[in-house]
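In what follows, a structure is listed as structure tokens, so that the remarks can point back to it.
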Amino acid sequence: MNEILLEAKGLTTEFTLKNRKKVHAVSDVSLEIFKGETLALVGESGCGKSTLGRTLIRLIKATSGEITFGGVDITSLREKDFGPYRRRMQLIFQDPYASLDPRMTVRDIVAEPLKTHKLCHTREEMSERVLSLLRDVGIPEEFLFRYPHQFSGGQRQRIGIARAIALDPALIVCDEPVSALDVSVQNQILNLLRQLQHERGLSYLFISHDLSVVRFISDRICVMFLGRLCEIGRTAEVYSAPLHPYTRFLINAIPKADPAARFEEKPLLTGELPSPTDPPPGCRFHTRCPYATECCRREVPQLRPVAGRLVACHRAEELHR
Ligand code: SF4
């Protein structure tokens, strides 16, 4: 699993609001996604996860930085040259209902990308492909002509997944794909994603604010705070010994299964959540970090190797001891 599928270097995405304030949504992000892996991207809502996910697959234009996919620099490919790469990168949304056209049948929804990319030559071939995709995601054939409102939330997410895999992608950005679902349905969808990954060699960028879900599905985890990456490492290692103070906070805040542990005192983040229009200088986490020093207020910590992973904290070694 060490072949790089997608690599981002120094990726920055900024927006200018109507009041002319600049939103620093993603700042100087570098990461790699390997073939066949699930890389989780976690952090509080509003920290830039979705913007980063969309920037990586060019649904949002990066302000600066570089993206390579399969070894090809796709950052500034013209739209017509980018077409074959767009097919290979798909997105699954949090709310499948909002992303499915209510006037279209399931057959038409799943057939749409196949038609757009002219992948089937006859009506029969199209019907066969659609049925096969629906079978792969567990939607029965007799539901072919139903409309989105006739399905449960879990079934609608299955339809969204069928549409996403229709073009045989290599990478799927899953943007909070189970957060709108009940826990039992969540597990079914997560198992389906794993099964499809296994069968098709897919890579996932799995965006979530829910660290319990991420633990189950991801190989590596990437923690983000206010547009910058804090820590990247193998999921088991990050969960058992988080190094960045923000990662520690997130992991300590996961509800415990043990009833006695539920009443343990949880660490609280101090200070206000800074605004992405006016991020603090130096380490963006310094206004909330109990370990902050003068250096943290001045200098931006870069991601660097510490204890077998990458950590962006001036005091990572001390905190590791
Ligand atoms: Fe805290 Fe400083 Fe590390 Fe930032 S660099 S997380 S402020 S100790």
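Numbering starts at 1 and runs along the sequence shown. Whatever order the structure lists ligands and atoms in, that order sets their numbers, starting from 1.
- Nearest to atom 1 (Fe) of ligand 1 among the protein's heavy atoms is Cys289 SG, 2.3 Å.
- When Pro290, Pro245, Cys283 are checked for heavy-atom proximity to atom 4 (Fe) of ligand 1, Cys283 turns out nearest.
- By the criterion of a heavy-atom distance under 4.0 Å, both the backbone and the side chain of Cys313 are placed next to ligand 1.
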Glu318 vs Arg315, salt bridge (charged side-chain N to carboxylate O under 4.0 Å, His left out): CA-CA, chis, key distance, verdict | CA-CA 5 Å; Glu318 286 170 67; Arg315 303 188 63 189; 2.8 Å; yes

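- A salt bridge links Glu294 with Arg297; the closest basic N to acidic carboxylate O contact falls under 4.0 Å.
- Numbered from 1 in the order shown, with element, the atoms of ligand 1 that lie under 4.0 Å from a heavy atom of His286 read 7 (S).
- The nearest heavy-atom contact from the protein to atom 2 (Fe) of ligand 1 is Cys296 SG, 2.3 Å.
- Every atom of ligand 1 with a heavy atom of His244 under 4.0 Å away is listed here by number and element: 6 (S).
- The pair Glu79-Arg58 counts as a salt bridge, with a side-chain nitrogen and a carboxylate oxygen less than 4.0 angstrom apart.
- Going from atom CG of Asp28 over to atom OG1 of Thr13 covers 11.0 Å, rounded to the nearest 0.5 Å.
- Residue, atom and distance of the protein heavy atom nearest to atom 5 (S) of ligand 1 are His314 N, 3.3 Å.
- Val23 and Met224 are members of different hydrophobic clusters when ILVMFWY side chains are connected at heavy-atom separations under 4.5 Å.
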